Amino acid sequence: MPEKPTLDGLEDRWARVWADEGTYAFDRSATREQVFSVDTPPPTVSGSLHVGHVFSYTHTDIVARFQRMRGKKVFYPMGWDDNGLPTERRVQNYYGVRCEPSLPYDPDFTPPEKPGKQQIAVSRRNFVELCETLTAEDEKAFEALWRRNGLSVDWSHGYQTIDARARAISQRAFLRNVERGQAYVSMAPTLWDVTFRTAVAQAELEDREHTGAWHRIAYHQGERSDGGSHGAQDVFIETTRPELIPACIALVAHPDDERYRALFGTTVRSPLFDVEIPVLAHPAAEMERGAGIAMCCTFGDLTDVQWWRELDLPNRTVINRDGRLLRDVPEWITSEQGRKRYEEIAGATVHTAKERIVAMLQETGELDGDVRPVTRPVKFYEKGDKPLEIVSSRQWYIRNGGREATMRDEMIARGQELQWHPEYMRHRYEDWVRGLNGDWLVSRQRFFGVPVPVWYRLDDEGEVRPDQVLTPTDDALPVDPSTDVPPGFTAEQRDVPGGFTGDPDILDTWATSSLTPQIAGMWTVDDDLFSRVFPMDLRPQAHDIIRTWLFSTVLRSHLEHDALPWAHAALSGWILDPDRKKMSKSKGNVVTPMGLLEEYGSDAVRYWAAGGRPGVDTAFDRGQMKVGRRLAMKLLNASKFILGVGVPAGEPDLSAVSTPLDRALLARLTEVVQKATAALEGYDYAVALELTEQFFWFFCDDYLELVKSRAYGEFDEAGRDSARATLAAALRVLQRLFAPVLPFVAEEVWSWWQEGSVHRAPWPDIHELATSAEVDPQVLTIASDVIGGIRRAKSEQKLSIRTEVESLSVQAAPAALEALREALSDVRAAGRVRDVELVVSPDGELVTTVGGPTA
RNA sequence: GGGCGCGUAGCUCAGCGGAAGAGCACCGGCCUUACAAGCCGUCGGUCGCAGGUUCGAAUCCUGCCGCGCCCA
């Protein structure tokens, strides 16, 4: 035990001991029942560390430490998320390269010292290797932070979401979905980001207010020549997307709409292009919106897709994947004038095409009245800044219940089976599942990521046959179809008629992230391990990715294992800056966590984090860190004091606890143990800490002061031994109660007098403080109240706390006085009281009168 | 527009049907042989607003207002 205890340096010292001694190593001989397994969220290593990481990961660590002390074999791995756009960008910029899957692998490639102005194209395998090199550096910084933060992770169990194991597992799970018909390829209208040139899934969408304008446009009834002014025979529609007139396939109105009933079944001719268009009825048309009759195009929005599908309309897409109109005049525009007009907009961007079309409509007089500006919600890719287009393309989907009611019900049932912390987060999941409107689009037209592990046959004309999918053998995984060859083919047959072609796409990052329990638990790689940890106990994560990460993980596990991936989901809140805004890098209000750990100490920062209840956003608060530091300091000093008084070695002998005050103290602590344990079992670490902390300060400020003299041996031996045994027993319990939240200081004080790590010591049991004799809790409360009264009197008279009190009069109910008598010698010693008078109070109220204190 | 959560002391929050609480801050004290990076004490609130249920409401119900998140 050091002369002058300090918090400085505890982190380094104990982190090293824990690593050397394998304190947190997973015991893989344990059976599933003995294991507590955690599906740790893999942090995005390319992102910067911020205090929110420390916050939420601490929560999980507290739970893991609690479970470990309860005797569970804790499986607590760490993964790194280096799959996806942030890493792709970082690798590109850092090395000055770009991923070009058509290139062959170059084993000798080394990136230039400094990135050049021109990006160097490299193969996908080279790109992935560079990614692994770069993220290895980022991971070191994360690991150093986590170790200093005190995460009790078993660092021998780790993964990267782009490493070979993760790629193989991701592809294997996907192929098994394909085999069972749970994943399928389809040529379908797809929401498309023209900037990123990739398809976008429902989970990545967001609605944003976008300014547009209503254009009132004439369609013409009957035979007409090209264009020209409109007449009485016109049908007016209102649209914000006049550039889609060449893609128009129908006009649609509600079946009950009297205004258009006569037109159903007839045709009209489109303005400018003079294409014959049917007028149809469909209930999705809104009578109140615009003119009540809508222009259905391929594709302006998702309603168009619905009409196209349900009304069995032709596909007349005019917008390319680059956001420009088709360069060739579409075949369905037949009139000479129409074809000439299309040439005006061929190859133009959507924006330019709109301007030109409007100009032409004004010229022909087919635009009626003024353009009316409107702001309305438009779908965007969450990372994009242009409205999404809808294009037709070949894509892979995984069934998620979005198109099948039975499966949707199954997914909802899974959500009900899962235990949510806090409970109300369940709604987010259910709302999401109920709102699904299609299957999960998993293919992305990006270059960096886990490749879609399939090839397609090419027919004799060299056309791709999406209906003839070629898959790899299982032992070949992971594969890259852009360089690897499907079974039964040779490299020479690539991209030649009668041969094959590789699927150029990659899988959505969530398609891999949704398998973190399988990746961490080594599904299909080490099935023995997997059987011991899966289904896992806990998924900790943030509440904003319930619809993505949580849902997709439940889905994959449901499809593959017909089980939940974990029993519990604990949703952490966010860190808010003092202005109640979410802390994020883009706002520039991020505090670096390492600096905090150094300034206040890790235990202090963990203390602050532990105050954030599950699911509740928490304010960044240095004040709480100071309080945490004080608490850690107090635990050092209180431990030093108790051990300095001299306590029996080894297990405390409770038979020596003979004094009523001591028994009452242990009884109260037992209650704390019972409540804190229940709270932690329910993932409520904040309540557990609060209870422990409240008791601890009472223990220090009142109980320690009361028994000090007795413990020093100023009275009789029995009283002394009773006090010392109580102090020892209480301290041993308190140090363990604090261990999950304050692992460093708890380990430090434990090491002064106990064997082994406190983090492997058994969690306090409610029976371990039980004494045989009857306990009167009032002894403790009245002793504490009276000592408080004496302090108040001294404080009011601005006297030193040491001042002797000549006489003390206590009025109280008879039972209370009886209890006080049991602790009177302690009270007198602590208050420096000479004479005491106990008076039965008529109303039972406690009155403490301090007489004649002399300075 | 829908769903969820939150409005309690200057600040951060607990309490969620039986006398308004904690910590921090503020203020006033105390060198007390574990800790002055400590300790003791004081001050401080129509519990967002309005109704209702109840013997009793911060707590339950309804409706507003404000903030946040998720989704349209």
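Numbered from 1 within each chain, the chains take letters A, B, ... in sequence-line order. All values below come from the heavy atoms of this structure, side chains included, with hydrogens, waters and symmetry mates left out. What you see is a predicted model; the values in this text were computed from it and never measured.
- Atom CG of A/Leu636 and atom P of B/G38 are 13 Å apart (whole Å).
- Mapping A/Arg832 and A/Arg792 onto RNA chain B by nearest heavy atom places A/Arg832 at the nucleotide closer to the 5' end.
- Using cut-offs of 30° and 60° for the angle between ring planes, the A/Phe695 and A/Phe699 rings count as parallel.
- At the phosphate of B/G23, neither OP1 nor OP2 sits under 4.0 Å from any side-chain N or O atom of A/Lys626.
- Taking every side-chain heavy atom of A/Trp574 into account, B/C70 is the closest of B/G41, B/C70, B/G15.
- For A/Gln694, the CD atom sits in a loose shell: 12 or fewer heavy atoms of surrounding residues, nucleotides or ligands are nearer than 6.0 Å.
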> Given A/Thr659 and A/Arg710, is the side-chain hydrogen bond (donor to acceptor under 3.5 Å, both in side chains) satisfied, shown in steps?
Replying inline: CA-CA 11 Å; A/Thr659 308; A/Arg710 181 154 56 88; 3.2 Å; yes
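- Base pairing of B/A19: no nucleotide in any strand meets the Watson-Crick or G-U wobble criterion (both distances under 3.5 Å).
- Both distances falling under 3.5 Å, in either a Watson-Crick or a G-U wobble arrangement, place B/G38 opposite B/C30.
- Using N1 to N3 plus N6-O4 or O6-N4 for Watson-Crick, or N1-O2 and O6-N3 for G-U wobble, each under 3.5 Å, B/A9 pairs with nothing.
- Across the strands present, B/A58 finds no partner; the criterion is a Watson-Crick or G-U wobble pair with both atom distances under 3.5 angstrom.
- The partner of B/C64 is B/G48, by the rule that a Watson-Crick or G-U pair needs both atom distances under 3.5 Å.
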For nucleotides 4-11 of chain B, print each protein N/O atom paired with a nucleotide N/O atom at under 3.5 Å, atom names and distance only.
none

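- Applying the Watson-Crick and G-U wobble criteria (two distances, each under 3.5 Å), B/U53 pairs with nothing in any strand.
- Taking the six-membered ring where the residue is Trp, A/Phe55 and A/Trp608 present tilted rings, their angle falling between 30° and 60°.
- If you check distances only, the side chain of A/Ser800 never reaches the base of B/G29 with a donor-acceptor pair under 3.5 Å.
- For A/Ser825, there are no side-chain hydrogen bond (donor to acceptor under 3.5 Å, both in side chains) partners, not counting sequence neighbours.
- Distance, A/Phe641 CZ to B/A34 P: 5 Å, rounded to whole Å.
- Of the residues in residues 700-714 of chain A, those with a non-hydrogen atom less than 4.0 angstrom from any atom of RNA chain B are A/Cys700, A/Asp701, A/Leu704, A/Glu705, A/Lys708, A/Tyr712.
- B/G28 atom P lies 18 Å from atom CG of A/Leu799, rounded to whole Å.
- Only the C1' atoms considered, B/A20 is 12 Å distant from B/U46, to the nearest whole Å.
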> Hey, mind stepping through A/Glu204 and A/Lys383 against salt bridge (Lys or Arg N to Asp or Glu O under 4.0 Å) and telling me if it holds?
Replying inline: CA-CA 8 Å; A/Glu204 297 164 309; A/Lys383 297 190 175 82; 5.5 Å; no
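- Remark: P of B/C35 and CZ of A/Arg629 are 17 Å apart, rounded to the nearest angstrom.
- In this structure B/A25 sits in no base pair that meets the Watson-Crick or G-U test at under 3.5 Å.
- Note that the CG atom of A/Leu205 and the OH atom of A/Tyr381 stand 10.5 Å from one another [nearest 0.5 Å].
- Both the sub-6.0 Å distance and the 45° axial angle are satisfied by A/Lys708 relative to the ring of A/Phe641.
- Residue A/Ile575 contributes atom CD1, which lies 10 Å from atom P of B/C13 at whole-angstrom precision.
- In this structure, the CZ atom of A/Phe620 is 19 Å from the P atom of B/C24, given to the nearest Å.
- Toward the 5′ end of RNA chain B lies the nearest nucleotide of A/Thr6, the other residue of the pair A/Asp207 and A/Thr6 mapping further downstream.
- In this structure, of B/C30, B/C35, B/G23, it is B/G23 that holds the atom nearest to the side chain of A/Gln624.
- Between A/Arg630 and B/G38 there is a side-chain polar atom (N or O) within less than 4.0 angstrom of OP1 or OP2.
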